[in-house]
Amino acid sequence: MDLQTQIDQTPFPEGVQVTTYEEMEGRIFRIRQRQGDVRHGLEILLTDEAVQMYGEGPMVATVLQQLQRHAEQGLPVVEAGQEYERLTFVGD
């Protein structure tokens, strides 16, 4: 299953957007939600090391579950000019 299909099939709350992009250490999963003029969001860095250790499928599923959990509990506010709070999944 491709990554976008996995994202689309994850039951995120309404109005939540998930995007991904590559970074030197791995792949960033960014979740965003806008409520009026207030932006909320969070990032998870899935390191290449974690993917090699645990496998891409299980790690992507874990990241999406974590993003879903954070979205349901409430994402942190992102102020203008501020970076997203970032969690990191690394290999042992």
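No experiment lies behind these values; they were computed from the predicted model shown.
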- Message: To check you understand the geometry: which heavy-atom pair defines the closest contact between Ile7 and Thr20, and what is its length?
- Response: CD1-CG2, 3.9 Å

- Message: According to side-chain hydrogen bond (donor to acceptor under 3.5 Å, both in side chains), who are the partners of Asp37, at least two apart in sequence or on a separate chain?
- Response: none

- Item | Beyond-backbone contact of Arg30 with Tyr21, side-chain heavy atoms, under 4.5 angstrom | yes

- Item | Contact check, side chains of Ile28 and Tyr84, non-hydrogen atoms, under 4.5 Å | no

- Query: When hydrophobic residues are tied together by side-chain contacts of less than 4.5 Å, even through go-betweens, does Leu42 share a cluster with Leu3?
  - Reply: yes

- Message: Test of understanding: clusters of I, L, V, M, F, W, Y form through side-chain heavy atoms closer than 4.5 Å, transitively. Do Leu46 and Phe12 belong to the same one?
- Response: yes

- How many angstroms lie between atom NE2 of His70 and atom CD of Gln65, to the nearest 0.5 angstrom? 12.0 Å

- Message: Ignoring hydrogens, what is the shortest heavy-atom contact between Val78 and Gly41? Give both atom names and the distance.
- Response: CG2-N, 3.5 Å

- Query: Mind checking what makes side-chain hydrogen bond (donor to acceptor under 3.5 Å, both in side chains) contact with His40, not counting sequence neighbours?
  - Reply: Gln35

- Provide the full list of salt bridge (charged side-chain N to carboxylate O under 4.0 Å, His left out) pairs with a residue in residues 68-84, sequence neighbours left out, each pair given once. none

Which atom pairs, one a donor and one an acceptor, fall under 3.5 Å between side chains of residues 47-61 and the rest of the protein, sequence neighbours left out?
{"from": "Thr47", "atom 1": "OG1", "to": "Ala50", "atom 2": "N", "distance (Å)": "3.1"}
{"from": "Thr47", "atom 1": "OG1", "to": "Phe89", "atom 2": "O", "distance (Å)": "2.9"}
{"from": "Glu49", "atom 1": "OE1", "to": "Gly91", "atom 2": "N", "distance (Å)": "3.2"}
{"from": "Tyr54", "atom 1": "OH", "to": "Asp92", "atom 2": "OD2", "distance (Å)": "2.7"}

- Message: Within the 4.5 Å heavy-atom criterion, are Gln9 and Leu64 side-chain neighbours or not?
- Response: no

- Arg39: partners by salt bridge (Lys or Arg N to Asp or Glu O under 4.0 Å), with sequence neighbours left out: none

- Query: Are Val90 and Phe29 connected in a single hydrophobic cluster, I mean Ile/Leu/Val/Met/Phe/Trp/Tyr linked by side-chain heavy atoms less than 4.5 Å apart?
  - Reply: no

- salt bridge (charged side-chain N to carboxylate O under 4.0 Å, His left out) contacts in which one or both residues fall within residues 11-26, not counting sequence neighbours: Glu22-Arg27, Glu23-Arg86

- Can you find a pair of side-chain heavy atoms, one from Leu87 and one from Gln66, that are under 4.5 Å apart? no

